[in-house]
Amino acid sequence: MAAVMSMEDIRTEATRLNIDLSSVDWASVRLPPGEDCGIISDDDDLHEEDSLEFDAGFGNIIIVDNLPVVPREKFEKLEGVVRKIYSQIGVIKENGLWMPVDEDTGKTRGYCFIEYNTPQENLQRWLTDEKGRDQFVIRAGSDTEVLWNDARQVKADPVYKRPFWTESFVQWSPLGTYLATVHRQGAAVWGGASTFNRLMRYAHPQVKLIDFSPGEKYLVTYSSHEPSNPRDTHRVVLNIFDVRTGKVMRDFKGSADEFAIGGTGGFSGVSWPVFKWGGGKEDKYFARMGKNVISVYDTETFGLIDKKSIKVDNVMDFSWSPTDPIFALFVPELGGGNQPARVSLFQIPSKVELRQKNLFSVSDCKMYWQSNGEYLAVKVDRYTKTKKSTYTGFELFRIKERDIPIEVFELDNKNDKVISFAWEPKGHRFAVIHGDNPRPDVSFYSVKGGKVLKLTTLKQKQANALFWSPSGRFIILAGLKGFNGQLEFYNVDELETMATAEHFMATDIEWDPTGRYVATSVTSVHEMENGFNIWSFNGKLLYRILKDHFFQFLWRPRPPSFLSPEKEEEIFKNLKKYSKKYDVQDQDISVLLSEQDREKRKQLKDDWERWVNEWKRYHEQEKMDRQMLRDGEASDVEEEYEAKEVEVEELLDVSEEIIQDA
């Protein structure tokens, strides 16, 4: 358990101990050499541009209680564990961890003090929201704004808004700790819950793209510079920064041609991200593909593993497992088919090839990892014997099983074009949109039990994209672009449609990290209807916000749960027991919303009556004017007027036609 001791706490403790703080001779207090307790001196402030403001107190110190009581030989191990856990909150000062020792026993006392660089660095405080809400960031016009999704109150609750916060785009770090902004002179990261403070800058002039490592330890920045000689190619600069210290750990420079291997997607033909991170959240390895090589680096030295790249002739693509230091690579056919294509799995750092599968008559190949790294699906497009057309099949690698068995399977109609493929997060199912018709089919499969089993096929759907809930079970079959924003909310457990809806011209769809809500948005690629909708997981529209010149909507990611899969399963099975507390809260909110609704209707009624009375008063004031217009007649009674009907003939058109005699 961690607690923060504020100045108010200190005053309370002093009162309890009968200590008069006003009588303390502060001038006699001497700090250790080089220690400033986080207070910037006037001289330092001159050299620190736009520094964070420090509190003159103990707001940057926390007390960690309930630690194990260990003997001296285990001090270092315990301190290492504590540092690993609590460095996730912020940067711990040098010599900022103090673990008191019992002089009699020589053992720790079961608690410690940790001092951070700044009081603002409780970067996970947003996760402790009492309502269990999630945050998101939007960019519209020149403004960037962070908001709570207050779905119970069917509204977005503003948190922090800033004009010109970024010069191009914003990006959350993978675990939601930081919000990155991009500027002409480099990038910056910000942190907070109710307000956002800049935590670090990363100098990189003309930066165009950024990418975090999965564990948020490193930030890769990219820029492309036009050559002075038009005959030369663009020059590329890549920097890898330590996120917390801002130190450049490694830089890479060269022509765009050196970084353009393997397709496009960035600037000047460079595929982005240039470096792909492996080894899960530990951020141990990163790699890039070059001509006939895969170059793998470790983050201990930021040099090549074994000081050399892995040689793979004609390698076309590679992809890391999301959880393990294993990557898959694809090599196309060579020599007119004499040398088959292949998919290989390599273990890092040993560089041992774990598995290889040769593939024949291959036109194209795409690799899809399941989020837990349990499965790798390889979609293989093959030529027919005549080479005039192609058909599609799948190779399924079961990564966690002994010897990595591979299963081959095809759609019912192998000639169907595969439009989209998506694994269920943390699950054993996947979905495929397939077919050549204007309305394709959607099929669901399970790979549990050692073989691929088709669950169902939904015929003729207006869908071209798949969006699984991050918690699995639910999926949105989306029709974007040509389908104009068709949405079908589908329950894969029950194999039934929960709702169908439309967000006209929707360009983007994104689930919140809990899988409870989903956002659909129309960005500025369209001139009209810019803004976003928030839906429940089962397709109920909760609220809609329109914003002119709308550019971005991004949910703030959450770090992985500390609960074990078994505990999560137990909670899911006993959800009714755990949900009682929230049912009461929902009922209270429902009553509040009903009262607010009644109050709103009453306000509208009062406004209407006020408007009517105002016009009656105005009508009475102009009575004399109306009497003059009626030549002295004073009556406003309708029955005293005579109504006359007047017929008016109007010539609409004239045409002339010559009729010849028979």
Side-chain angles (χ1 to χ4, degrees), residues 1-14 17 29-40 44 51-103 105-129 173 175-178 189-200 215-218 242-247 281-283 558-560 562:
M1 176 182 177
V4 177
M5 178 172 279
S6 65
M7 278 303 296
E8 188 62 33
D9 296 330
I10 294 171
R11 293 188 186 97
T12 302
E13 185 68 6
L17 298 173
V29 177
R30 294 289 181 267
L31 297 175
E35 180 57 78
D36 60 7
C37 284
I39 304 171
I40 301 178
D44 288 341
S51 309
L52 291 176
E53 193 174 304
F54 287 72
D55 287 348
F58 296 93
N60 58 327
I61 298 175
I62 65 172
I63 302 170
V64 182
D65 203 357
N66 295 325
L67 290 176
V69 176
V70 300
R72 190 172 299 278
E73 58 268 22
K74 294 186 178 180
F75 284 5
E76 187 175 343
K77 184 176 181 180
L78 178 59
E79 181 177 335
V81 172
V82 172
R83 281 189 179 275
K84 182 176 181 180
I85 293 173
Y86 286 92
S87 62
Q88 297 177 41
I89 295 176
V91 179
I92 299 175
K93 276 195 170 185
E94 187 176 354
N95 301 319
L97 193 155
W98 179 47
M99 205 173 298
V101 176
D102 188 313
E103 295 180 359
T105 64
K107 295 182 178 181
T108 59
R109 292 180 176 269
Y111 60 90
C112 73
F113 299 88
I114 300 176
E115 184 176 8
Y116 292 97
N117 276 350
T118 69
Q120 291 85 2
E121 284 188 306
N122 183 358
L123 300 180
Q124 270 71 42
R125 187 158 56 87
W126 59 278
L127 292 168
T128 63
D129 177 59
S173 58
L175 305 180
T177 308
Y178 309 107
V189 295
W190 309 69
S194 57
T195 185
F196 281 74
N197 300 300
R198 186 172 61 224
L199 305 175
M200 187 56 64
E216 303 182 336
K217 294 179 182 177
Y218 306 104
D242 183 296
V243 169
R244 290 185 176 160
T245 66
K247 180 182 177 182
K281 302 291 188 296
E282 307 243 333
D283 294 348
R558 283 178 174 262
F562 289 116

Practice problem: Could you point out which residue of Arg558, Gln124, Glu216 forms a side chain to side chain contact (heavy atoms under 4.5 Å, CB included) with Leu175? | Solution: Glu216

Point-to-point distance, once rounded to the nearest 0.5 Å, from [atom1] of [X] to [atom2] of [Y]:
X: Tyr218; Y: Asp242; atom1: OH; atom2: CG; result: 6.0 Å
X: Trp190; Y: Ser173; atom1: CH2; atom2: OG; result: 15.0 Å
X: Ile114; Y: Lys93; atom1: CD1; atom2: NZ; result: 14.0 Å
X: Asn117; Y: Glu94; atom1: CG; atom2: CD; result: 10.5 Å
X: Leu127; Y: Thr177; atom1: CG; atom2: OG1; result: 8.0 Å

Test side-chain contact (heavy atoms from CB on, under 4.5 Å) applied to [X] - qualifying residues, sequence neighbours left out:
X: Glu79; answer: Arg83, Leu97, Met99
X: Thr105; answer: Asp102, Lys107
X: Pro100; answer: Trp98, Arg109, Tyr111, Phe113
X: Lys77; answer: none

Quiz prompt | Pair Thr108-Leu67, side-chain contact (heavy atoms from CB on, under 4.5 Å): steps then yes or no | solution = CA-CA 9 Å; Thr108 59; Leu67 290 176; over 6 Å; no

Quiz item: Any idea which heavy atoms bring Arg244 and Met200 closest together, and the distance?
Solution: O-CE, 3.1 Å

Practice problem: Indicate the atoms forming the closest heavy-atom contact of Val101 with Gly106, along with that distance. | Solution: CG1-C, 3.7 Å

Quiz item: Of all residues at least two apart in sequence or in a different chain, which pass the salt bridge (charged side-chain N to carboxylate O under 4.0 Å, His left out) check with Asp129?
Solution: Arg133

Quiz item: Are any side-chain N or O atoms of Asp283 and backbone N or O atoms of Gly215, one a donor and one an acceptor, separated by less than 3.5 Å?
Solution: yes

Practice problem: State whether the side chain of Ser87 and the backbone N or O of Ile92 hold a donor-acceptor pair below 3.5 Å, judged by distance alone. | Solution: no

Quiz item: Does a sphere of radius 6.0 Å around CD in Glu76 hold more than 12 heavy atoms from other residues, nucleotides or ligands, not counting ones at 6.0 Å or beyond?
Solution: no

Quiz item: Who passes side-chain hydrogen bond (donor to acceptor under 3.5 Å, both in side chains) against Trp126, sequence neighbours left out?
Solution: none

